[in-house]
There are 2 protein chains.
Amino acid sequence: MSGRGEVLQLEVLDILRQRNKPVSAYDVLGELRKTKVKMAPQTVYRVLAALTECGKIHRLESLKAYVNCQHGSHQHASILSICDDCGRVEESVAPDLLAKLSKVTGKTGFAAQRHVIEVHGLCASCGTGPAPA
Amino acid sequence: MSGRGEVLQLEVLDILRQRNKPVSAYDVLGELRKTKVKMAPQTVYRVLAALTECGKIHRLESLKAYVNCQHGSHQHASILSICDDCGRVEESVAPDLLAKLSKVTGKTGFAAQRHVIEVHGLCASCGTGPAPA
DNA sequence: TTGCGATATGTTATATTGTAACATAATACT
DNA sequence: AGTATTATGTTACAATATAACATATCGCAA
Ligand SMILES: [Zn+2]
Ligand SMILES: [Zn+2]
Ligand SMILES: [Zn+2]
Ligand SMILES: [Zn+2]
């Protein structure tokens, strides 16, 4: 395992941290290009793949975007709640729920390997006071 | 509610039924173009959106593809198991699991509206006998 | 019936997202 | 050093998705 790309990984992590919202690959690319004009999509995708692989960031399939892990890093699947109003994402862990899910899907002999769980809705601040007239 | 597009909807349903595997929007487009040369992406996406909306098909976010509902149609979220080997998809329903999921994400005041649950792995036939040497 | 607003559909163009393929550079090991 | 292996850079392109506007259809009322 080489470590040449690690600086770039940290930069990307920082971009996601600063935004604190889902960021698309091309948004990341745009940020990086502010200092590295020649940055290419391929490079960004590779960094994002590496970070996703080791659990430091998560990809939101239903948004085609990325957030950094709110628990620093982990392998196990997490549950991502996406506010469709403000865009904020919350991350929950619930091992028992994952187990149950594997059990449900396993009824037909299916062997679960990767769970994608994304919940759309409204976060606490957006759901309660939608501002009167 | 007009009914002009319904013929097209049926055609699309039929395409998905025949394939019995996840089909991308552009695959659908390709099929349709066999008889309707001028078919446009926009049209296909609109049909797919309509069918998704009424629960007759489901979109696999993690595959950017569509399958038709194995239960005919429904509104409630379903659990989609995707075999990464043969591509086959199975659909499970588990209202209690959805409830539990809403409960987990609701701890912070989040109000769930739409559940995306996709499980990747190996189906029964692909998982057991991966063919010997 | 005709006129008009609302909605659905057709059409063109373009935006966004994601990868293939190959060149080059770093690393590890002999 | 020499060479196989892997990572990274670079170019080009493929695949996915939507914006914007034109046209047609429908429902309803004058
Ligand atoms: Zn996490
Ligand atoms: Zn919110
Ligand atoms: Zn279904
Ligand atoms: Zn299979």
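Each chain gets a letter, A, B and so on, in the order its sequence line appears, and its residues count up from 1. Every value quoted in this text rests on a predicted model; they were computed, and no experiment measured them.
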Check whether B/Tyr66 and B/Leu60 end up in the same hydrophobic cluster, where Ile, Leu, Val, Met, Phe, Trp and Tyr are linked by side-chain heavy atoms less than 4.5 Å apart.
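Cluster IDs for B/Tyr66 and B/Leu60 differ.
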
Report yes or no: do B/Leu51 and B/Tyr26 belong to one cluster of Ile/Leu/Val/Met/Phe/Trp/Tyr joined by side chain heavy-atom distances under 4.5 Å?
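Linked, B/Leu51 and B/Tyr26 end up in one cluster.
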
Reading DNA chain C from 5' onward, which residue's closest nucleotide shows up sooner: B/Lys64 or B/Pro41?
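Taking each residue's closest nucleotide, the earlier one in sequence belongs to B/Pro41.
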
Between [N] ([atom2]) and [X] ([atom1]): distance, integer Å:
| X | N | atom1 | atom2 | value |
| --- | --- | --- | --- | --- |
| A/Glu6 | C/dA26 | CD | C1' | 14 Å |
| B/Leu63 | C/dG18 | CG | C1' | 14 Å |
| A/Leu48 | D/dT8 | CG | P | 14 Å |
| B/Tyr45 | C/dT12 | OH | P | 19 Å |
| B/Arg33 | C/dT11 | CZ | C1' | 12 Å |
| A/Glu61 | D/dA17 | CD | P | 12 Å |
| A/Leu8 | D/dT8 | CG | C1' | 10 Å |

Base of D/dA14 paired with side chain of B/Tyr26 (donor-acceptor, under 3.5 Å):
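Such a pair does not exist between side chain and base.
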
Which residues satisfy the salt bridge (charged side-chain N to carboxylate O under 4.0 Å, His left out) test with B/Glu31, sequence neighbours excluded?
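B/Glu31: salt bridge (charged side-chain N to carboxylate O under 4.0 Å, His left out) contacts with B/Arg19, B/Lys34.
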
Which nucleotide sits closest to the side chain of A/Lys38: C/dG10, D/dT10, D/dA17?
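Closest of the options to the side chain of A/Lys38: D/dT10.
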
Counting side-chain heavy atoms from CB outward, which of C/dG10, D/dA17, D/dT10 is closest to A/Ala40?
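Nearest to the side-chain atoms of A/Ala40, counting from C-beta on, is D/dT10.
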
Show which side-chain atoms of residues 73-84 of chain B pair as donor or acceptor with protein atoms under 3.5 Å away, not counting sequence neighbours.
from, atom 1, to, atom 2, distance (Å)
B/Ser73, OG, B/Cys54, O, 3.2
B/His74, ND1, B/His76, O, 2.8
B/His74, NE2, B/His58, NE2, 3.2
B/His74, NE2, B/Glu91, OE2, 2.7
B/Ser78, OG, B/Glu91, OE2, 3.2
B/Asp84, OD1, B/His120, ND1, 2.7

I want to check one thing: is the phosphate of C/dT17, taken as OP1 and OP2, less than 4.0 Å away from some side-chain N or O of A/Ser24?
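Yes, within the criterion.
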
Does C/dG10 have OP1 or OP2 sitting under 4.0 Å from an N or O in the side chain of B/Lys36?
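For C/dG10, neither OP1 nor OP2 has a side-chain N or O of B/Lys36 closer than 4.0 Å.
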
Just the atom pairs and distances: protein N or O near nucleotides 20-22 of chain D's N or O, under 3.5 Å.
none

Ionic contact status for B/Glu11 with B/Lys36, cut-off 4.0 Å:
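B/Glu11 and B/Lys36: salt-bridged.
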
Distance check, rounded to the nearest 0.5 Å: B/Ile15 atom CD1 versus B/Arg17 atom CZ?
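The distance works out to 11.0 Å.
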
Determine, stepwise, if the pair A/Glu61 / B/Lys64 fulfils salt bridge (charged side-chain N to carboxylate O under 4.0 Å, His left out).
CA-CA 9 Å; A/Glu61 299 289 349; B/Lys64 305 184 234 309; 5.4 Å; no

